[in-house]
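These values consider heavy atoms only, across backbone and side chains, with no hydrogens, waters or symmetry-generated copies.
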Amino acid sequence: MHDRDFMVPGKSVALAENGMAATSHPQATLAAIEILKAGGTAVDAAIAAVALQGVIDPHMTGIGGDCFALYAPASGPMVSYNGSGRSPRAATLDTYLAKGWTTIPDDSVHTVTVPGAVDTWCRLNREHGKLGLDRVLAPAIEAAENGFTIPPRVAHDWQLYASRVAAHADAAAQFLPGGRSPVTGDRLSNPALGATLRRIAREGRSAFYEGEVADDMVATLRALGGLHDAGDFASFACEETQPISAGYRDHQLVECPPNGQGLAALIMARLLDGFDLSDASLSEIDRIHLLAEATKEAYRQRDALVADPAAMTVSVEEVLSDASIAKMRARISLDRASQIAVADMPVHRDTVYVSVVDRDGNAMSLINSLFFAFGSGIYAKKGGVLLQNRGTGFSLAPGHPNAIGPSKRPFHTIIPALVCKDGRTVGSFGVMGGQYQATGHAHILSQVLDRGFDIQAASDQPRSFFTDGAISLETTISEDTRAGLEARGHQTRRADEPLGGCQAVWIDHERGVLWGASDHRKDGIALGY
């Protein structure tokens, strides 16, 4: 394992024995640890953290969004949950083609799918929790009702994306108080959201999907021309699914099945497993080049195939078969960039991911998102619900498996992950960051398993991402490396924002130690006890 250079800015990996939580916001991490100390499970703690972030990180996540979860109990099989919402029952492809659209505008009411997070939280808590929802949601309720302070990265993003809520009067009144974005150190509250969270804590999912809160969401959407009705909300239920996995070195990378992009991460793991990335003679140019080439292959498959599972025409097993992977790997040259693949998926960066392991060894990997910053920007003010725009992920190409249709789930970018070895869970991690997430999973895994970095050091490493025809490079990657990539035929650009945000907990079973990491690209921390 690489030793950290304590002369260089950075932070040490967090270590603990009884429980560990990693989030992108210090208050969320603290809330998770307090739940663990109160006797809650990893599931209880993760829900507490993301619910709180829905209040204090409102541009990133909230009860108006979706989630996916991977849960690995200390004993017994791991399970995944699909908490992604569906389009309205009245939505048909012809409706949007008649408008002359080739994509659904990201600020349109037609991008709003039924939020799936609340039902998923309630089910997770019921099936795998020990504490009641009243205790689990208490930190979020407290922050919504009594206020919270804005940290630096949240303030930066809030200002950057303020225009997404400025266009809607009700949203602007809540999120742009006094007509401006809050700055670092400002305080804000959201009593309407607090009241809704109290009702959910008391009544469960029905408090959100039926009654006054649901009626407010439907009325808000229909006033803007939406096709949603009360039945779309009342009928929603998250689904328990079977995790999918692929081998990398002597480990297994575990992902949620489609409609998320976890399949792309597994394709990348399988492709890169055919190259010796532990070879110390490999240069940074070599590593970035191989990651970019694997990204091209995996994302080409992803964009063509991944959709609502009911609409997919090719199975996960077929895509991950030896023959399929060998065909893709054969197109990767060690010293020359392949032709550029054009992606047609929307770009976004706005998600929160939480990793928690409790004292019993249960591991929870949970991701929650509004899709774009502040989602659709549409705000149902009576219930305090900012609504996602996940429907932007649908295709409007007739015949495409991901084409929008009635009560259909769109392609999703958000993916939690687990890592196993010899049948035991050894890691729970995620890399927030929209399209980057599948590449981020492959990158982090290689940094740990190939290069020997601890999970915090792995997160700290410079990142690159092939997207929109070029490799986006963080500013910590040298000009010499950039020139070397261009010499191999790559187009490059400097990233305008940090690429993704990693949170992770690694489990050292032999010594009974938990290792936690939180990305320096966000405000968060990893804490254990």
Side-chain angles (χ1 to χ4, degrees), residues 50 61 65-71 78-87 113-117 119-120 124 238-246 253-270 295 298-312 314-317 319-320 343 345-355 364-372 388-395 400-402 404 408-419 428-442 444-445 500 503:
V50 296
T61 195
D66 282 350
C67 72
F68 287 85
L70 276 168
Y71 176 60
M78 62 180 61
V79 63
S80 52
Y81 291 86
N82 184 329
S84 64
R86 298 179 183 274
S87 58
T113 51
V114 175
D119 182 75
T120 311
L124 285 166
C238 82
E239 293 181 10
E240 182 178 321
T241 55
Q242 183 64 38
I244 57 177
S245 64
L253 175 61
V254 182
E255 302 277 352
C256 293
N259 49 313
Q261 67 169 330
L263 177 57
L266 299 184
I267 293 171
M268 292 189 68
R270 289 223 58 198
T295 296
Y299 282 50
R300 189 182 291 119
Q301 296 291 316
R302 182 200 74 169
D303 291 356
L305 302 174
V306 174
D308 188 318
M312 284 181 62
V314 179
S315 71
V316 169
E317 291 75 19
V319 177
L320 294 175
M345 293 295 182
V347 175
H348 94 286
R349 304 180 177 89
D350 306 292
T351 299
V352 300
Y353 168 81
V354 173
S355 182
M364 181 61 168
S365 189
L366 177 66
I367 199 159
N368 214 100
S369 177
L370 289 173
F371 201 27
F372 281 47
Q388 65 183 17
N389 64 336
R390 187 53 70 171
T392 307
F394 279 119
S395 169
H400 195 290
N402 187 43
I404 193 169
K408 190 172 181 179
R409 286 179 157 134
F411 166 84
H412 259 263
T413 53
I414 60 173
I415 49 174
L418 294 169
V419 182
S428 168
F429 80 106
V431 185
M432 301 130 48
Q435 303 297 336
Y436 174 71
Q437 292 182 54
T439 297
H441 283 200
I444 290 290
L445 201 59
Q503 319 296 330

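One distance of note links CD1 of Ile267 with CG of Leu320; it measures 6.0 Å at 0.5 Å rounding. Atom NE2 of residue His400 and atom CG of residue Asp303 lie 7.0 Å apart, to the nearest 0.5 angstrom. Rounded to the nearest 0.5 Å, atoms CG (Asp308) and CD1 (Ile404) are 11.5 Å apart. Note that the CZ atom of Arg302 and the CG atom of Leu305 stand 11.5 Å from one another [nearest 0.5 Å].
Considering only residues two or more places apart in sequence or on other chains, Ala438 meets the side chain to side chain contact (heavy atoms under 4.5 Å, CB included) condition with Gln261, Ala264, Ala265, Tyr299, Ile415. Not a single ring-ring contact (aromatic ring centres under 6.0 Å, His included) links Phe394 to another residue, sequence neighbours left out. Shown here are the side-chain hydrogen bond (donor to acceptor under 3.5 Å, both in side chains) partners of Ser87, two or more places apart in sequence or in another chain: there are none. For the side chain to side chain contact (heavy atoms under 4.5 Å, CB included) test, residues two or more places apart in sequence or in another chain that qualify with Glu240 are Val79, Tyr81, Arg123, Glu127. Under the side chain to side chain contact (heavy atoms under 4.5 Å, CB included) criterion, Met78 pairs with Ala72, Pro243, Val254, Leu418, Cys420, Thr425, sequence neighbours left out. Every residue meeting the side chain to side chain contact (heavy atoms under 4.5 Å, CB included) condition with Pro416, not counting sequence neighbours, appears here in chain and number order: Phe68, Leu70, Cys256, Tyr353, Ser365, Ile367.
Taking each heavy atom of Met364 and Leu124 in turn, the nearest pair found is CE-CD1, 3.5 Å. In this structure, Ser369 and Thr351 approach most closely via the heavy-atom pair OG-OG1, 3.1 Å. Across every non-hydrogen atom of Asn402 and Val306, the tightest pair is CB-O, 3.8 Å. Asn368 approaches Ala117 most closely through the heavy-atom pair OD1-CB, 3.7 Å. When all heavy atoms of Pro401 and Lys408 are compared, the closest pair comes out as O-NZ, 2.7 Å. Across Ala269 and Leu253, no two heavy atoms sit closer than the pair CB-CD2, 4.1 Å.
Between the Ser428 side chain and the Ser355 main chain, no donor and acceptor come within less than 3.5 Å of each other. Formation of a donor-acceptor pair under 3.5 Å by the Ser84 side chain with backbone atoms of Asp66 is not found in this model. Panel note: side chain His441, backbone Leu266; no donor-acceptor pair is recorded below 3.5 Å.
For the residue pair Gln388 / Thr113, a side-chain donor-acceptor distance below 3.5 Å is found, with atom types taken as modelled.
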Chi angles and distances behind the side-chain contact (heavy atoms from CB on, under 4.5 Å) call for His412, Asn82: CA-CA 10 Å; His412 259 263; Asn82 184 329; over 6 Å; no

Verdict with supporting geometry, Arg409 and Arg86, side-chain contact (heavy atoms from CB on, under 4.5 Å): CA-CA 5 Å; Arg409 286 179 157 134; Arg86 298 179 183 274; 3.3 Å; yes

Evaluation steps, side-chain contact (heavy atoms from CB on, under 4.5 Å), between Arg390 and Thr413: CA-CA 10 Å; Arg390 187 53 70 171; Thr413 53; 3.3 Å; yes

Residues Met268, Thr295; criterion side-chain contact (heavy atoms from CB on, under 4.5 Å); working and verdict: CA-CA 7 Å; Met268 292 189 68; Thr295 296; 3.2 Å; yes

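Side-chain contact check for Pro257 versus Leu263: every heavy-atom pair is 4.5 Å or farther apart.
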